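On a predicted model such as this, the values are computed, not experimentally measured, just so you know. Residue numbering restarts at 1 for every chain, and letters A, B, ... go by the order of the sequence lines.
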2 protein chains.
Amino acid sequence: MKKKVTLKQIARELDVSVSTVSRALADSKEIGENTRRRIQAFAKFLNYKPNNIALSLKNKKTKTIGVLIPEIVHHFFSTVIRGIEIVANERGYNVIVGLSNESFSKEVLNMEMLANGSIDGFILSISKETLLKQDYHHFNETISQGIPIVMFDRVVNEVECDKVIVDDFKGSVKAVKKLVDNGCKHIGLITTMDYVSVGRLRTQGYLRALEESQVYAEPNLILKLDDMVSLEENLDILESEIEHLFKRNPKIDGVFAVNELYAVTAMKVAKKLGYAIPDDLQVIGFTDGVLSKHASPSLTIVSQHGQKIGEKAADLLIDRLEMDDDESDANINENTREEAFETYVIETEIIERESTK
Amino acid sequence: MKKKVTLKQIARELDVSVSTVSRALADSKEIGENTRRRIQAFAKFLNYKPNNIALSLKNKKTKTIGVLIPEIVHHFFSTVIRGIEIVANERGYNVIVGLSNESFSKEVLNMEMLANGSIDGFILSISKETLLKQDYHHFNETISQGIPIVMFDRVVNEVECDKVIVDDFKGSVKAVKKLVDNGCKHIGLITTMDYVSVGRLRTQGYLRALEESQVYAEPNLILKLDDMVSLEENLDILESEIEHLFKRNPKIDGVFAVNELYAVTAMKVAKKLGYAIPDDLQVIGFTDGVLSKHASPSLTIVSQHGQKIGEKAADLLIDRLEMDDDESDANINENTREEAFETYVIETEIIERESTK
DNA sequence: TATCAATACGGAAACGTTTGCGTTAAAAAT
DNA sequence: ATTTTTAACGCAAACGTTTCCGTATTGATA
């Protein structure tokens, strides 16, 4: 087991000082041609690679970004991570992930863990429990320690930072208007409780679309599900809720669902109840998942472009990290600084498949 | 922006030395009761947290494990990561992920990047390109640098390390035997090229099951797909290949597929061709994904238990990391050491759903 | 009263880098 | 021949910790 080679070892072997080795490897003109070549050759021979940890300590930056998400076994989040990873790698950064598992305390713990030097900045999506408690102190404390944050998807006004969101509102409007245009008169909505901002926004989009299309929004057509109880596990509960929605609205001819599971389950229930899709009933889901593509009929969706979200978030964060560098020497007016937080909106796109006409 | 507080600052404020502060915070009896309390109180007041990077440099361990996988937008891999993350967090470790994107060079780059001090050990699954090239030098070099590796799922004999695999062979035997027991006489196999070890093992399991059941293995019933061309994108190619399989085997009454996509696509094609599932044709897939649960009919699967794999891998790695600690003082016989590499097998389980009788 | 042990703390090295500054010797300029 | 410049390198500090070792003060023992 050959241990990692350090500057000191090279210096000792070649009978020069550590600083000479360091400079030689940086190809500094301060070191004589001969010594420089000799050191470089020897270093290459030993396969020397500088120790990242020592560099981090010295430079006070880790070239690592922390990603904090509620759940990783979830198509949307994993596409976001992929996006983050791609640009992070391109720009020389590593990615360290933490899962909050939708829990407030795990979110806080994970942040504290990583904030103590392990990472230069965060990209995160807020856990449901945190949204419910509306306790955002850990975000603000992190920021005030000089660690920038970029939030995506589940964001919140109370925290001042860059944000990347999808146009939940507009996307939903588009989707519901499409259903209207396709002839739907009684469009059901399957959504989550309002404390999840994306659920709320999508619900508002649904209402706005109906309003603009001058279609009466029947309260009975709206099904609000509490996502807290793990519906993934209790599919039957979900199914019976949806079945109830159909039964109390016999004339229903369109469904807009705010996520993939709701949408495909709606199709499943509808088929069981004898609806023909898309002839009797058209369905659109807000998602980007794999279920919709392989469902039968395949599901028309409002695509969220998770990977783009991740890429944009990573670019925003790294831009800010590297901007902070420059700012330290160019002594910039304290006021003109931190103000410029962007909220970047990733456009949604309707991908038409078999569940709509 | 209040910067991070260090021992030095506390020391200066309280007019003691850095070493005293350090000891006081460790609650060392060497420091007088009074000073100790005073320092601890002040540190708590300032919300002092030790700098991880400095600790890493000093202790020569990062408490971070590197996870290298081919792809993250993949249900199996994300469940494995979840498993890793759970036990890593429990045991005080962080997880840093790298994606090889099935590419050899990205795998090598990522390893080198992380091996220079960023992590204490690796958990990884080999990329397809690496398996094809059969070039494993980067793994062996990493190990010989004293950085332990745990491989999961896609493993290889040429590298000596702990491994966590699923019993691909036995699982496949079980699945195919189940089809036989259910009355299938002509069981198709949809699999990948042999260089992916899991594909090969599952193919062997299929053959063995037929052999033991004294069913003739018709070569025509085996469809080997080259996974290199991104089939996810070209669903139509996949579909036509499968359709061809059905058409040249009109008497086919069972299908065993080595992954989820193949299985659900087979069902889709079969339905299109007029097969009733499970009456005319029974299907079993080797997977753990979300498609199978929501397909219609829902798919009977051989479950891989990705999360368990991740948990076991993390435990193995951390065990070895912390074992290495002790070994350094107890000067153990060089020979008796590294030998004890485990290959841990996670049992598969057949989850019966609607695609089988 | 002189010696000793214990108590309570400070100094400094070490982990592996980078970098400002100082030093030496030779070459160039006066 | 003396001074100045320049090339080529070494020393040491710094990043934030921990820990070994040293030391001053106190109280107890001989």
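Phosphate proximity of D:dC15 to B:K8: present, with a side-chain N or O under 4.0 Å from OP1 or OP2. For D:dC15, the OP1/OP2 oxygens have no side-chain nitrogen or oxygen of B:K4 closer than 4.0 Å. Contact annotation: A:K60 reaches the phosphate of D:dG16 (side-chain N/O to OP1 or OP2, under 4.0 Å). Within the 4.0 Å cut-off from OP1 or OP2 of D:dC9, not a single side-chain nitrogen or oxygen of A:T20 is found. Between B:S22 and the phosphate of D:dT18, there is a side-chain N or O to OP1/OP2 separation shorter than 4.0 Å. For D:dA8, neither phosphate oxygen OP1 nor OP2 lies less than 4.0 angstrom from any side-chain nitrogen or oxygen of A:T35.
Across C:dA12, C:dA14, C:dC21, the shortest atom-to-atom separation from the side chain of B:K58 is found for C:dA14. Checking C:dT18, D:dG16, D:dC11 against every side-chain atom of B:A54, the shortest atom distance belongs to D:dG16. The listed nucleotides are C:dT17, D:dG16, C:dG10; the one nearest the side chain of A:N51 is C:dT17. Closest to the side chain of B:R23, out of D:dT18, D:dA12, D:dC21, is D:dC21. Side-chain proximity of A:V18 to C:dG11, C:dT18, C:dG16: nearest is C:dT18.
Here D:dT18 presents its P atom at 8 Å from CG of B:L25, a figure rounded to the nearest Å. At whole-Å resolution of the value, CG in B:L7 and C1' in D:dT19 are 13 Å apart. Note: CG (A:N59) to P (D:dG16) measures 12 Å, nearest angstrom. Here the C1' atom of nucleotide C:dT17 and the CG atom of B:N116 are 13 Å apart, to the nearest Å. A straight line from CD1 of B:I31 to P of D:dT25 spans 17 Å, rounded to a whole angstrom. Atoms CD (B:Q9) and P (D:dC15) sit 10 Å apart, rounded to a whole Å. When the P atom of D:dC15 is taken as reference, atom CG of A:D120 falls 18 Å away, rounded to whole Å. In this structure, B:K49 atom NZ and D:dG16 atom C1' are separated by 16 Å, rounded to whole Å.
Between A:E129 and A:K133 there is no salt bridge, since no side-chain nitrogen of the basic residue lies less than 4.0 Å from a carboxylate oxygen of the acidic one.
A:H138 and A:F104 have perpendicular rings, their planes meeting at more than 60° on a 0 to 90° scale where under 30° would count as parallel.
A:S17 contributes no side-chain N or O that forms a donor-acceptor pair with the base of D:dC11 under 3.5 Å. No N or O donor and acceptor, one from the side chain of A:R12 and one from the base of C:dG16, sit under 3.5 Å apart.
In the displayed structure, A:K4 atom NZ is contacted under 6.0 Å by more than 12 heavy atoms of other residues, nucleotides or ligands.
The salt bridge (charged side-chain N to carboxylate O under 4.0 Å, His left out) search around A:D27 returns A:R36, not counting sequence neighbours.
B:T35 contributes no side-chain N or O that, together with a main-chain N or O of B:I31, makes up a donor-acceptor pair within less than 3.5 Å.
A donor and an acceptor atom, one from each side chain of A:N94 and A:T64, are nowhere located under 3.5 Å apart.
Nearest-nucleotide positions on DNA chain C for B:S19 and B:L57 put B:S19 closer to the 5' end.
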